[in-house]
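Notes to accompany the following structure.
On a predicted model such as this, the values are computed, not experimentally measured, just so you know. First the proteins, then the strands, lettered A, B, ... as listed; each starts at 1.
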Protein chains: 2
Amino acid sequence: MARQEPVRRRSKPADQYHHGDLRRALVDETVRLIQAHGVEWLTLRTIGERLGVSRTALYRHFSDKQALLGAVGREGFRLLRVALSEAWQRHGKGRPGFEAMAIAYVGFAVTHPAHYRVMFGGFVESCAKDTEFIAEANGAFDVLVQSLVDQQQAGIVRQDDPRMLALFIWASVHGTAMLAIDGQLGDDPRGEQLNRFAIERLRAAIARP
Amino acid sequence: MARQEPVRRRSKPADQYHHGDLRRALVDETVRLIQAHGVEWLTLRTIGERLGVSRTALYRHFSDKQALLGAVGREGFRLLRVALSEAWQRHGKGRPGFEAMAIAYVGFAVTHPAHYRVMFGGFVESCAKDTEFIAEANGAFDVLVQSLVDQQQAGIVRQDDPRMLALFIWASVHGTAMLAIDGQLGDDPRGEQLNRFAIERLRAAIARP
DNA sequence: ACCTGAACACCGTTCAAGT
DNA sequence: ACCTGAACACCGTTCAAGT
């Protein structure tokens, strides 16, 4: 038996390179794969395969896997901030605006569970130095704080430290969101019923005495 | 140079086997390693090394890595249930008992962050079939539901569906716990300040009208 | 600048074999 | 019953080389 000559693969012609925004495509494909199989099973090799690109191509755009996940988290916080801000603005910045924000928050989590998991999955530790990551997260939080300051000035929310009030509210909607995407709400998978109930109770909790 | 004879390792004598409860030791070491380096970096090989045991020894006690993590999560829910139940009983089952429960909840999370991360880290999906896991989780939740029923009967909590009230409370303390162990509370790393504030506001939210 | 394949160190898991 | 080392398929990452 003649020893088989190793197949000399022709290099990929330049016009088949992934032109266009590979960075963008990598983030999108990452989100899609997490959505489908969970962040636990995400592999860089699969991402490359799905994009028709070598498994090391992504190192041109991200220093490592953590950095890629960091980009997903950062994008998540940006999308969340925009969603919250729009809800607040579009519903008149008062009580209805506040309720719309809470609904937008849980709505964001259940429609973007992959982003949400990465945002709060403990990757934060690795991203603690990532100032852009922190800035995006703070941006989203500040929308909430500002809405509470506004409502205090309008006389419909009690005069506690607005940052403390915001943390309290955040804890509540975040908890609802987590329970929903963890599938722990059975007959209310998107957490809408629980969220409506919580919003009503939260209003009572923060109302001016 | 004479080729070095491969070292023929003597089998470990039987009296050096890990007698005693290896299963127990595996779970404890897993918790310790997660505590130290995060669940992300946990490897079965390291666990074996630390216990002076082959890296495949654990397959005598767990079917795979997921099963080992499942055991950690189950243990976490058991410990949490006991902590909640004790707090409730020991403080007289009324308003003080309820507050003690909330403090015990966040206290459990910040002193057992490894357990807590595994309990709510999305491993739940893999454990969805694990009926023991579900049972333990429900057990902890039921302590909270029961405490609300008791408080309704005592006339100090509003007459809403107690399950809904329990989910609302749970979302709040769970959110506080997550923020604390994610290190997002800066000057209040154990979440005690936020938790005290939240407990007071929650009381206002669920009080009988 | 952007992309490639080969190579490296590492991981979870299987399995025949040892006591 | 309990434990072992060797082997397998896979993974993230590095790097010299190609266009």
Side-chain angles (χ1 to χ4, degrees), chain A residues 4-27 29-30 33-34 36-72 118 121 123 126-127, chain B residues 4-27 29-30 33-34 36-72 118 121 123 126-127:
Chain A
Q4 191 129 13
E5 200 67 10
V7 180
R8 186 87 192 86
R9 283 214 194 70
R10 290 211 325 284
S11 288
K12 210 173 185 179
D15 62 355
Q16 286 191 20
Y17 280 7
H18 188 287
H19 286 126
D21 199 343
L22 177 56
R23 193 193 146 89
R24 180 71 259 154
L26 286 165
V27 172
E29 191 59 39
T30 301
L33 285 170
I34 295 176
H37 305 108
V39 65
E40 197 78 359
W41 307 110
L42 179 74
T43 78
L44 301 186
R45 285 155 133 93
T46 309
I47 298 172
E49 244 170 58
R50 301 262 312 209
L51 294 177
V53 129
S54 147
R55 57 180 170 277
T56 59
L58 91 168
Y59 287 96
R60 285 291 121 197
H61 300 277
F62 300 98
S63 64
D64 56 16
K65 193 180 183 179
Q66 291 288 329
L68 174 60
L69 289 174
V72 171
V118 175
F123 302 94
S126 339
C127 299
Chain B
Q4 190 129 13
E5 200 68 9
V7 181
R8 187 87 191 83
R9 285 212 194 73
R10 290 211 324 286
S11 288
K12 212 174 186 180
D15 62 356
Q16 286 192 19
Y17 280 7
H18 188 287
H19 286 126
D21 200 341
L22 177 56
R23 192 195 146 88
R24 180 71 261 153
L26 287 164
V27 172
E29 191 57 41
T30 301
L33 286 169
I34 296 176
H37 305 109
V39 66
E40 197 77 359
W41 307 109
L42 179 74
T43 78
L44 301 186
R45 285 154 133 96
T46 308
I47 298 171
E49 243 169 59
R50 303 261 312 208
L51 294 178
V53 129
S54 147
R55 58 180 170 278
T56 58
L58 90 169
Y59 287 96
R60 284 292 122 197
H61 300 277
F62 299 98
S63 64
D64 56 17
K65 193 180 185 180
Q66 291 289 327
L68 175 60
L69 289 173
V72 172
V118 174
F123 302 94
S126 339
C127 298

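Smallest separation of non-hydrogen atoms from B:Val27 and B:Val72: CG1-CG2, 4.2 Å. Nearest approach of A:Val39 to A:Ile34, heavy atoms of both residues: N-CG2, 3.7 Å. B:Phe62 and B:Ala71 make their closest contact through CE2-CB, 3.7 Å (heavy atoms, listed as atom of the first residue, atom of the second, distance).
In DNA chain C, runs of at least 3 stacked Watson-Crick or G-U pairs (N1-N3 plus N6-O4 or O6-N4, or N1-O2 plus O6-N3, all under 3.5 Å) give these stems: C:4-8 with D:12-16, C:12-16 with D:4-8.
Separating the CG atom of A:Leu22 from the C1' atom of C:dC2 is a distance of 9 Å, rounded to the nearest angstrom. B:Asp21 places its CG atom 11 Å from the P atom of D:dC3, with the value rounded to the nearest Å. What separates CG of B:Leu26 from P of D:dC2 is a distance of 12 Å, to the nearest Å. Atom P of nucleotide C:dC3 and atom CD1 of A:Ile47 are separated by 15 Å, given to the nearest angstrom. Spacing between atom CG of B:Leu58 and atom C1' of D:dT4 amounts to 14 Å, rounded to whole angstrom units.
Annotation: side chain to side chain donor-acceptor pair (under 3.5 Å) contacts of A:Arg50 (sequence neighbours excluded): A:Glu29.
At C:dC3, one or more side-chain N or O atoms of A:His61 fall inside 4.0 Å of OP1 or OP2 (strictly under the cut-off).
Checked against B:Leu26 for a side chain to side chain contact (heavy atoms under 4.5 Å, CB included), the options B:Val53, B:Leu51, B:Asp21, B:Leu44 give a single hit: B:Leu51.
One N or O on the side chain of A:Lys65 and one on the backbone of A:Leu42 form a donor-acceptor pair closer than 3.5 Å.
Side-chain contact between B:Glu40 and A:Gln66: present, with at least one pair of heavy atoms (C-beta onward) separated by less than 4.5 Å.
Interatomic distance, CG of A:Asp64 versus CG of A:Leu58, reported as 9.0 Å (0.5 Å rounding).
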**Complete:** B/S/- along nucleotides 9-16 of chain C (protein heavy atoms under 4.0 Å) is --BBBB--
